[in-house]
Participant: 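Questions regarding the structure given below will be posed in turn.
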Amino acid sequence: MSIEKSVAGIPREELLGLLHKMALIRRFELKAAEMYARGRIKGFLHLYPGQEATGVGLISRLRDDDYIYSHYREHGHALARGLEPKAVMAELFGKVTGVSHGLGGSMHLFDHSRRFMGGYAIVGGQLPLACGTALAIQQLGTDNVTVAIFGDGAVNEGSFHESLNLAAIWRLPVLFVCENNLYGMGTHVSRVTATHDIYRRAEVYGMRSEQVDGMDVLEVRDHVDQALRRIRKHEGPAFIEAMTYRYRGHSMADPEFYREKSEVERWRRQDPINRFKDVLLRADFEEEELEAIDERVDAEVEDAVRFAEQSRFPPIETLTQHVYAPSAADLLETAEAPEPVQAEKREESPDREAGEKASASEHEAA
Amino acid sequence: MSIEKSVAGIPREELLGLLHKMALIRRFELKAAEMYARGRIKGFLHLYPGQEATGVGLISRLRDDDYIYSHYREHGHALARGLEPKAVMAELFGKVTGVSHGLGGSMHLFDHSRRFMGGYAIVGGQLPLACGTALAIQQLGTDNVTVAIFGDGAVNEGSFHESLNLAAIWRLPVLFVCENNLYGMGTHVSRVTATHDIYRRAEVYGMRSEQVDGMDVLEVRDHVDQALRRIRKHEGPAFIEAMTYRYRGHSMADPEFYREKSEVERWRRQDPINRFKDVLLRADFEEEELEAIDERVDAEVEDAVRFAEQSRFPPIETLTQHVYAPSAADLLETAEAPEPVQAEKREESPDREAGEKASASEHEAA
Amino acid sequence: MAELAIRDALRDAIREQMVIDERVIVMGEDVGAYGGSYGVTKGLLDEFGPERIRDTPISELAFVGAGIGAAIGGLRPIIEIMTINFSFLALDQIINNASKIHYMFGGQVPVPVIIRMASGAGLSLGAQHSHSLEGWFAHIPGLKVVCPSTAGDAKGLLRTAFEDNNPIIFIENTALYGVKGEVPEGDYRVPFGEVRIAREGSDATVIGYSGSVPQALGAADRLAEEDIEAEVLDLRTLQPLDTHGVVESVRKTHRAVVVEHDWRSGGFGAELAARIQELAFDDLDAPVARVAGVEVPMPYSFELEKAALPSEAQVVDAVRAMF
Amino acid sequence: MAELAIRDALRDAIREQMVIDERVIVMGEDVGAYGGSYGVTKGLLDEFGPERIRDTPISELAFVGAGIGAAIGGLRPIIEIMTINFSFLALDQIINNASKIHYMFGGQVPVPVIIRMASGAGLSLGAQHSHSLEGWFAHIPGLKVVCPSTAGDAKGLLRTAFEDNNPIIFIENTALYGVKGEVPEGDYRVPFGEVRIAREGSDATVIGYSGSVPQALGAADRLAEEDIEAEVLDLRTLQPLDTHGVVESVRKTHRAVVVEHDWRSGGFGAELAARIQELAFDDLDAPVARVAGVEVPMPYSFELEKAALPSEAQVVDAVRAMF
Ligand SMILES: Cc1ncc(C[n+]2csc(CCOP(=O)(O)OP(=O)(O)O)c2C)c(N)n1
Ligand SMILES: Cc1ncc(C[n+]2csc(CCOP(=O)(O)OP(=O)(O)O)c2C)c(N)n1
Ligand SMILES: [Mg+2]
Ligand SMILES: [Mg+2]
């Protein structure tokens, strides 16, 4: 596909929007790494640099009523979807102002209002969920779509196979997007995947499937667009394999024994942001416009950090608050307290006490 | 493939052997159904009539040192492998003389001496095991093979996908044999399987795969032979889909609401035993020879029932005997008692008492 | 009141709910034309069509996960896992997704999915088809665990489940499907977290759930002949658990025996024993006793299987030993 | 004696065994060049090559099942499931196959497979990566469950596992991998089913396993300042369980507290409480107490996670409350 033509077809503002999202993600992730090193963020942290074109190209074509299910490497998807950098950073900091109120963390970003249906940390675990939400769409008779994002490592899980088969036989409105960054942790895709091109696995379920250059935001965008159009016309699920690369280790703990620095360098040379900047410059965009975007994202990310720093941790009293969702019966019984409550009314759980007690006490593990 | 030519190539005795096995299985299964109706056999009973050519053709080409893993519809496989009809019937009767000492039942026939590695009752659950035993073969450097037998219903389980991928990337000596009898319980394969021809699913893992007429014992035999030869030469796993049909319900409880009697009749018209008899008659075999086989299997099955009837149930004292296999440490500590013992020496388990007590007591469930 | 078998009471509850709530769908292996392995969904396909009564592939992980995803997307799915023995294949979805999604995303979305499954032993189905793991599910916060032993409770608890916004593990004992009992007409519910006093008594508390309740009652009959009046409690739900109801009874009787088909070590009976001694230590005249399954993979052979399961006689002995 | 971290003690045991037993292979995700997610298998690839140190696809069900099948076929596989949280995907193979094959086929074939997995919380890994389900595995007959808390035990128990002919669930606490301890030189083993008396005492028995042992010891230190001498038991194996050792200690001290990171309801502590009151009822001066995880999906936020886990202070309080 000719890049110039696409540039021609897409309004200026939208093009700048794509660049902005990619730059924002890049900046955000580098800052997150820094905050991790400073101990502000804990646990596992999986970063997205290198893969921005895939997430941004994909998500730019979704409607507000489409659903997204992702995995644990999902900051980029969340930001592309319009989740506030502040609230995402606050989540990484474990703050109550985070998108998941500090309960989720880096791997579990969620925003129901934007139909960003979560990052999931069990490889392949989000695929059945995506099928189910697509089934709900189908039953309700609307033409929105569910997108399931996952990595090359996930394609060897049983859940992958079962989900693709289910989506195919029921013609569910799901777009499966495999971000093939060549590695699942330290394992190269070719060592564990008997199918050379992953997208061919989807074909065996009778599904439309294709491979795209995941380092080219416009190519991703274009193919996603076509796939979505078909899905909205009830033609059943589709599959896209985006060839991409992660620049950083699998997580912050990864010593990267399994690949050569030179390989990383090779991929960096076709950096999706630089490539897209080149495209824009070759069209009629000015250096300054693009630089302005960099400045803007710097500010946004600084703001996000400030916001996260200044936010509170969730109060210890809320520890047991969301274990159960309130149900009709609970609301009846607690008419005076309309806040979510735990469901077991009659349970004198010694754990609640334990939970409260613990707040005052010291903890030695780790 | 020309049937006559195969007949020509195969020694008389072997041909009669194939017929004998098929007839034995047919007779055995009908008798088992009768014994079930009479309450001698309990639980689930899944019968094999209609599929005899597949099991017999397949297993006739295996060497003694090859392994077989099967599912719960495995009486035919066990008999084809040479397990004694007596010991198989005794197992269905729950007798201590059964192949699994009465502990397994119809779904769990096993004979280590014949490398019949078990019937398994979780759909797809035997596939990873088969891969593992094939891995052992590979590590030990021999040229034997592991055969995994399963139904069309199993191909939608995650275990199918994961196992085929694993076998393919490690080039394990596994022959996967799918007995496609068109139904998984009451569900037609086409309603739940997005891939029209199941054997094509295997191709996506880069595996040699083919579809055969599972009602033709010589065709099955021939294709298995070729596949085994390649596997023994370390060319990696292979896949065979045998098209077949089960005449009876899924299990004894199946009311068969989901298919027309006429469909069953159509398949019965190409009955694998009758077809093979015709082939033999068209060659130089005599009616009497074939009738003699029928008489022989009648007697064998009558013997099997008599043996099963006359055998003892396992003594109640043995209830906890095989929970743990004896280990070096156990043998040391119980030098005076070389029999298998439970491993937890220091455990004063109240359950053992319970087990003993229960033997004398009455039980009301079910 | 109608006399109904448990399977029919369950079907009635599902049918009535499907009529009033379009969002309810049923998914599982052979729930359609076959009517479900234990006949619970028989006839529903004809009434509601294949869009709402969905036969699935044999893909437990995917269709359970899809049920969860459908609940998130606004449906009220009822998932049938043919038996609890196959639920192992779907546990990742149940534990890592269903039980946690509401909490780990900060309470943003409820997961109103009902996961039905048949459990229990005693039908000569062998080691891989005879699990009773009610207690396992009750260990996982975020799940509710329901396990009725009567037709009236089966329907009433399922109706309560329809109105609950959480993942419900609804466990049906295979040996009880055909057992008949009175089912109230009309719009009734049985609340979660309330024991049913199946028989009143003053001398000992015998606690059962699911398949063990009939044994508890049988034992109480026998004990009555010896002038020991046992109070029999049917827990009905393990999560929420009516600790209060259990402890009240034990305070009255001073003796407690738990009966369960599950293996003894780490069965739900252990939790009951632990709680009772925590909360009623000084009221106990004897340690809490457990009558449970022998710790073996279930043998196929009939007499062995009987011996592996708890019996009325063992319950009687356990109570007697306390006097 | 050498001072080694648990991860290094484990690696030494594996390496030594691989040298003397050709049948031993290691399989799991990234056990090769990556060295395992927690570094236990680091360097083994170089020493033993890719045939014996096998990186697997992310296919827990298949590679765990393949480990079982390889054991049946004559190997002595060591399977690494990266963390216990992913073991849900393989539970069908572990429960329906590994734990039952020896029994249900009449004792014809042993299944000598070791399934290692990292468990525990406290590292801010969130709800899906913080399970402590040791007790779940101990509920399944046919499995043995090992969960060391020191380097010496880790190596000694793993060496015992090598000589066992049964499926072993070998659970390693993520927070303890780096903790150093003395490891005897040479050919020693730690037997299954024997508690370790981590500290002697006469006034109360504090029972821990895996990640909770350091807390039990810390609490004992504090209690000693108040002249309460707690005896600390490290169970080391949950199946077989040293019921005798536990009961002996409680008979001496008359008080028992169980500490565990797992959720309270139905955690292994429930089984301990149930057994202790069954076997030492009259020796107890107070009900058996449990200090356990709060029943919530593990929150990510640091202070909340701390609050969800048991603390030394809670153990101290629980013991104090018994006087
Ligand atoms: C079921 C499961 N197994 C293993 C892991 C540990 N793990 C986390 S990420 C990962 C690699 C996944 O690779 P891929 O799907 O390619 O995604 P990427 O990290 O490359 O984006 C592994 C093995 C897990 N989280 N879940
Ligand atoms: C994991 C699992 N899910 C469901 C079942 C119940 N079940 C037993 S057999 C069967 C159908 C299997 O069909 P297929 O694989 O085609 O074998 P067939 O019975 O036709 O020989 C089902 C659903 C089971 N045993 N295991
Ligand atoms: Mg990847
Ligand atoms: Mg079939």
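Treat the numbers as computed from the prediction; the structure is a model and nothing was measured. Throughout, a chain's letter reflects where its sequence line sits, starting with A, and its residues are numbered from 1.
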Participant: Which one of C:Ala138, C:Gly135, C:Gly266, C:Pro299 has the most heavy-atom pairs closer than 4.5 Å to chain D?
Facilitator: C:Gly266

Participant: According to side chain to side chain contact (heavy atoms under 4.5 Å, CB included), who are the partners of C:Ala118, at least two apart in sequence or on a separate chain?
Facilitator: C:Tyr38, C:Thr174, C:Tyr177

Participant: Given side chain to side chain contact (heavy atoms under 4.5 Å, CB included), test C:Glu278 with D:Val288 step by step and report yes or no.
Facilitator: CA-CA 7 Å; C:Glu278 271 158 16; D:Val288 181; over 6 Å; no

Participant: Between chain C and each of D:Asn85, D:Asp262, D:Leu61, count heavy-atom pairs under 4.5 Å; write down the option with the most.
Facilitator: D:Asp262

Participant: Check whether D:Ala280 gets within reach of chain C through its side chain, its backbone, both or neither, counting any heavy atom under 4.5 Å.
Facilitator: neither

Participant: What part of D:Leu284 lies closer than 4.5 angstrom to a heavy atom of chain C: side chain, backbone, both or neither?
Facilitator: both

Participant: State, to 0.1 Å, how close C:Ala270 and D:Glu271 come at their nearest heavy-atom pair, and which atoms those are.
Facilitator: CB-OE1, 3.4 Å

Participant: Do C:Arg275 and D:Arg264 pass the side chain to side chain contact (heavy atoms under 4.5 Å, CB included) test, and can you show the C-alpha distance, the side-chain angles, and the key distance before you say yes or no?
Facilitator: CA-CA 10 Å; C:Arg275 286 202 196 189; D:Arg264 179 191 189 90; over 6 Å; no

Participant: Rounded to the nearest 0.5 Å, what separates atom OG in D:Ser130 from atom CE in C:Met104?
Facilitator: 11.0 Å

Participant: Holding to ring-ring contact (aromatic ring centres under 6.0 Å, His included), I want the full list of residues that pass it with C:Phe88, two or more places apart in sequence or in another chain.
Facilitator: C:His131

Participant: Heavy atoms only, distances under 4.5 angstrom: which of D:Asn96, D:Ile94, D:Ile95 has the most pairs with chain C? Name it, please.
Facilitator: D:Asn96

Participant: In terms of heavy-atom proximity below 4.5 Å to chain C, should D:Leu238 be classed as side chain, backbone, both, or neither?
Facilitator: neither

Participant: Quick check for you: among D:Ala127, D:Ala289, D:Ala273, which has the greatest number of heavy-atom pairs under 4.5 Å with chain C?
Facilitator: D:Ala127

Participant: Could you grab the distance from atom CG of C:Asp92 to atom CG of D:Leu91, nearest 0.5 Å is fine?
Facilitator: 9.5 Å

Participant: Identify the two heavy atoms, one from D:Pro141 and one from C:Pro297, that lie closest to each other, and give their separation to 0.1 Å.
Facilitator: CG-N, 4.3 Å

Participant: Anything under 30° is parallel, anything over 60° is perpendicular, the rest tilted; go ahead and classify D:His139 against C:Trp263.
Facilitator: perpendicular

Participant: Please report the closest heavy-atom contact between C:Asp285 and D:Phe281, naming both atoms and the distance.
Facilitator: C-CE2, 4.4 Å

Participant: Is there side-chain contact between C:Asn97 and D:Gln128, with at least one heavy-atom pair below 4.5 Å?
Facilitator: yes

Participant: Are D:Trp136 and C:Leu133 packed together at the side-chain level, in the sense that at least one heavy-atom pair is separated by less than 4.5 angstrom?
Facilitator: no

